[in-house]
Protein chains: 2
Amino acid sequence: MNDAEEMMAGFDRRCREAGLKQTPQRREIYRQMLHCENHPSIEEVYRQVRCMLPHISLDTVYRTLATFERHGIVSQARLFGDRTRYDARTAPHYHFICRECGRVIDVFPDDLDRPEPLPDNRELGMVESCHMEFRGLCRDCLDNS
Amino acid sequence: MNDAEEMMAGFDRRCREAGLKQTPQRREIYRQMLHCENHPSIEEVYRQVRCMLPHISLDTVYRTLATFERHGIVSQARLFGDRTRYDARTAPHYHFICRECGRVIDVFPDDLDRPEPLPDNRELGMVESCHMEFRGLCRDCLDNS
DNA sequence: GTTGGTGCAAAATATTTGCACCGCA
DNA sequence: TGCGGTGCAAATATTTTGCACCAAC
């Protein structure tokens, strides 16, 4: 059983656990999310999924990804000021965005040279989470310049 | 001369430097940005400014804030997945968002308990900047719960 | 007077919702 | 079979653009 098959099997289980019905649309959207190296926008998922399911509607993709996120099956790839993107990797991680080619690369907490800082300010209240977003030039764009 | 007057004088100078014409709309939008404690959305700025200039149009606010940002007079308060907001403080800083009341509080680099981490990963390329966003409960909401 | 700024309206984009029908469990 | 899921279309929200007029320099 290869990786993708394994993950689709995991999808079966998760749907059952969450009480979600399996439909061709949902399977195809999830399969696409696994295939996708980058962090696709909803439009991109829609375009890809339509290759297999020409009848699927855009708002099914919207609703399905929102449902998946509600059940932790995908996560929103939160990018500052960009349109909504999703990610099949649900482990906490950050993003590095190349200002040249726009690629989004995952950065995991272990890749950081020191632990996340937290605001020191007692006045602030209780800090529960920290998101980070790095920008710069990716290796490819650096090499080609 | 109080703070606000001082900053309005700075606005005069900045417009001249940038070759921007001064108009009642621009003055009023900037004045509003100074008044505003929070990080107003474009709609909010629009509603406020209309008290003084009932004829102003929404897209003038859009265009003016974009122009201001281009010239470093205001900065976009970049929040994950929220609508565009602006901020009269242009010094680099991060945001703490209260999950209860939605308030956005500025966090300056000096408020952090350690310096920003950077991705260690040589493969990544060149990291030029890091944005952070903290979430949690602000002091007020903490006290009231 | 010239150039840039504004207001208005319409277009473009992104997302959500109401509703009837269909198909999975 | 019943209920959740889907497709369609329309509504909503946000931002951008074309154009004619006006005002700051």
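The structure displayed is predicted, hence computed values, not measured ones.
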Polar side chain donor-acceptor pair, B/T67 to B/T64, under 3.5 angstrom: no
C/dT15 OP1/OP2 closer than 4.0 Å to side-chain N/O of A/T84: yes
Rounded distance in Å - CD (B/E69) to C1' (D/dT15): 14 Å
Contact under 4.0 Å: B/T23 side-chain N or O vs C/dG4 OP1/OP2: no
Candidates C/dG5, D/dT6, C/dG7 - which lies nearest the side chain of B/D59: C/dG7
Polar contact flag, side-chain donor to acceptor under 3.5 angstrom, B/H93-B/D111: no
Nearest-neighbour nucleotide for the A/L20 side chain, D/dG5, C/dG5, D/dT15 considered: D/dG5
Any B/Q25 side-chain N or O less than 4.0 Å from OP1/OP2 of D/dA23: no
Side-chain N or O of A/S57 closer than 4.0 Å to phosphate OP1/OP2 of D/dG7: yes
Between D/dT6 (C1') and A/R50 (CZ): distance, integer Å: 16 Å
Nucleotide nearest A/T60 (side chain, heavy atoms from C-beta), chosen from D/dG4, C/dG7, D/dT6: D/dT6
Euclidean distance, atom CZ of residue B/F68 to atom P of C/dG4 [Å, nearest integer]: 17 Å
Value in whole Å for how far the C1' atom of C/dT16 lies from OH of A/Y46: 16 Å
Close side-chain approach of A/L65 to A/Q76, heavy-atom, < 4.5 Å: no
Side-chain-base donor-acceptor pair under 3.5 Å for B/R63 and C/dG7: yes
4.5 Å side-chain heavy-atom contact, B/M33 and B/Y86: yes
Short side-chain to backbone donor-acceptor contact, A/E28 and A/Q25, under 3.5 Å: no
Any B/Q22 side-chain nitrogen or oxygen under 4.0 Å from OP1 or OP2 of D/dA24: no
Per A/T64 side chain, nearest of listed nucleotides D/dT6, D/dA23, D/dT15: D/dT6
Length of the line joining B/L58:CG and C/dG7:P, which is rounded to integer Å: 11 Å
Atom-pair distance (CD on A/E28; C1' on D/dT6), nearest Å: 16 Å
For atom OH of A/Y62 and atom P of D/dT6, their distance in whole Å: 16 Å
For atom NE2 of B/H55 and atom P of C/dC8, their distance in whole Å: 7 Å
